[in-house]
Amino acid sequence: MPQATYHFPKGFLWGCATAAHQVEGNNTNNNWHRWEQEGHTAHKSGLACDWWGGRWREDFDRAAETGQNTHRLSIEWSRIQPEPDRWDEDALDKYRQMLRGLRERGMTPMVSLHHFTDPLWLYDNCGWEKEEAVTYFEKFVRKSVEALKEYCSLWCTINEPNIYALMGYVTGEFPACNHGVNKAMQVMANMLKGHTAAYQTIHEIQPEARVGFAWQYRPQTPRHSWSPLDQVMTKIRYAGLNIAFPTAIATGVMKSPVGNFRIPQARGTMDYLGLNYYSVDTVWFDLGNPKELFTRAGFADGADMSGTGFLANIPEGIFNMLKWAVRSFPKMPIIITENGVEDSTDKMRPRYLAQHLHQVWRAVNFNWPIKGYYHWSLIDNFEWERGWNQRFGLWALDITNQKRSKRLSADLYAEICKENGLSSEMVEKYCPEVFETLFPG
Ligand code: BGC
């Protein structure tokens with residue numbers, strides 16, 4: 001049996017990613033809270049992982065003890081700015097404690113300034129549909145960065161503007177004021193302006209900061225490769241979902257299937273490219289789905305499907321994403337800001353993790369500037385409209401009593417982080433079913 005270790009570069013960032021609303025609990029002043037109360041989600045977030053109650057301490061201990069050297073979390077806008085003209089200094093202080101907590105445990109914090117939720121006061125004014133949101137966001141960023149800069153210099157302005165726009169404004173699974181592809185693109189354009197303003201503000205306050213955004217890149221393939229219609233639909237989806245926003249960072253123009261937005265100030269506003277990868281979509285023409293421009297996305301027949309059918313395990317997709325990134329943004333540092341699978345039984349997660357990291361290692365070996373990997377997620381957390389039905393954690397959470405239990409994948413990830421690599425012994429121990437593909441010989 002071959003013995004080998006796939007090593008990662010020295011100083012590689014190994015951590016997990018979380019988001020405020022999904023872990024904090026009792027977050028009652030944002031649009032997701034209202035969305036939950038209105039019955040649009042499978043469950044309510046409730047106490048979530050009770051980080052606001054202080055359980056971040058024990059979870060940061062878990063992360064640090066298992067060899068993680070970084071953590072990506074988000075701060076909740078509606079807590080820090082409960083009303084347009086009121087700041088909550090206690091909330092900011094709590095975030096300062098959390099970031100100091102990471103530092104004390106030897107972990108580098110990465111802070112996201114927007115992760116899907118909006119304060120009710122902004123949402124009630126139709127949020128990111130209006131350009132006013134950009135000014136509000138810039139003020140919030142200024143206040144927060146001033147308060148937190150002592151502990152953080154790695155910033156993620158906005159998480160997944162594409163998924164925010166798609167799920168809210170197109171499919172309707174996330175809260176949104178109005179609907180339609182045009183609105184979705186308008187929202188993405190405003191978020192790009194928000195990102196740009198945040199980028200400039202952060203650099204003004206903290207010149208050494210590294211600022212980027214987290215982009216979910218989802219490769220799209222036609223269901224029938226021979227079908228011209230499926231091919232066209234795939235291109236449309238790919239352009240709107242994957243390309244429009246990041247390309248504008250290079251060109252100053254956000255080109256979309258429903259029109260172009262000139263945002264020249266966006267050019268060059270990125271110190272690293274943050275990429276979230278989960279799966280690959282199979283796309284086809286569907287006359288019955290006008291709201292998604294007659295496209296429909298699903299998964300390939302016979303794919304290795306996750307526990308609740310939310311994603312197909314397609315590790316080559318993460319490599320293709322990285323290839324797209326280095327070709328589009330040569331020399332730009334890349335950070336994988338999310339990657340993971342919902343799997344309450346932990347049957348797929350070990351192989352999903354090993355297979356994806358093997359692909360990342362392949363990319364690293366081309367000398368592509370990949371700087372880190374954040375697993376989604378540390379603890380089972382509130383999965384938006386899917387509520388508690390999906391379990392993404394390295395640790396399982398019993399929401400009835402806040403008890404955490406370690407899944408086997410947490411041990412695998414710990415070994416990877418501590419070794420700064422993936423070895424044949426690890427694969428043999430945790431996911432022997434993929435040994436031959438990862439270590440052929
Ligand atoms: C989001 C996370 C979410 C994850 C899994 C990503 O799109 O950034 O907030 O929990 O997907 O659903």
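Note: hydrogens, waters and symmetry copies are ignored here, and every other heavy atom, side chains too, is used. We count ligands from 1, going down the list as the structure has it; atoms in each ligand are counted the same way.
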Report summary line: Quick note on ligand 1: atoms under 4.0 Å from a heavy atom of Glu383 include exactly 3 (C), 4 (C), 5 (C), 10 (O), 12 (O)

Report task. Enumerate the atoms of ligand 1 whose separation from the nearest heavy atom of Arg386 is less than 4.0 angstrom. Result -> 12 (O)

Report task. Identify, for atom 4 (C) of ligand 1, the protein heavy atom at the shortest distance, and state residue, atom and that distance. Result -> Tyr278 OH, 3.4 Å

Query raised in the report: Just one of Asn339, Asn162, Asn159 clears the side-chain hydrogen bond (donor to acceptor under 3.5 Å, both in side chains) bar with Asn276, so which one?
Result: Asn159

Report summary line: When Asp380, Asp398, Asp343 are each screened for salt bridge (charged side-chain N to carboxylate O under 4.0 Å, His left out) with Arg391, the one that passes is Asp380

Report summary line: Note: Asn381, heavy atoms under 4.0 Å from ligand 1, region reported as neither

Query raised in the report: Counting only heavy atoms not in Arg105, do more than 12 sit closer than 6.0 Å to its CZ atom?
Result: yes

Query raised in the report: Any luck finding a side-chain donor-acceptor pair between Tyr374 and Thr70 under 3.5 Å?
Result: yes

Report task. Go through ligand 1 atom by atom and flag the ones less than 4.0 Å from a non-hydrogen atom of His115. Result -> 1 (C), 2 (C), 8 (O), 9 (O)

**Report entry** Close N or O approach (Gln390, ligand 1; < 3.5 Å)
**Finding:** no

Query - Side-chain heavy-atom pair His375, Arg349 within 4.5 angstrom cut-off - result: yes

Query raised in the report: Trp284 ring centre to Arg223 NZ or CZ under 6.0 Å, with the angle to the axis within 45°?
Result: yes

Report summary line: Counting from 1 in the order shown, the ligand 1 atoms closer than 4.0 Å to a non-hydrogen atom of Asn159 are 8 (O)

Requested in this report: Would you mind listing which atoms of ligand 1 come within a distance below 4.0 Å of any non-hydrogen atom of Glu160?
Outcome: 1 (C), 6 (C), 7 (O), 8 (O)

Report summary line: In this structure, atom 1 (C) of ligand 1 is nearest to the protein heavy atom Glu338 OE1, 3.4 Å

Query raised in the report: Aromatic rings Phe60 and Trp51: how do their planes relate, parallel, tilted or perpendicular, breaks at 30° and 60°?
Result: perpendicular

Requested in this report: With heavy atoms of Gln216 as the reference, note each atom of ligand 1 found under 4.0 Å away.
Outcome: 7 (O)

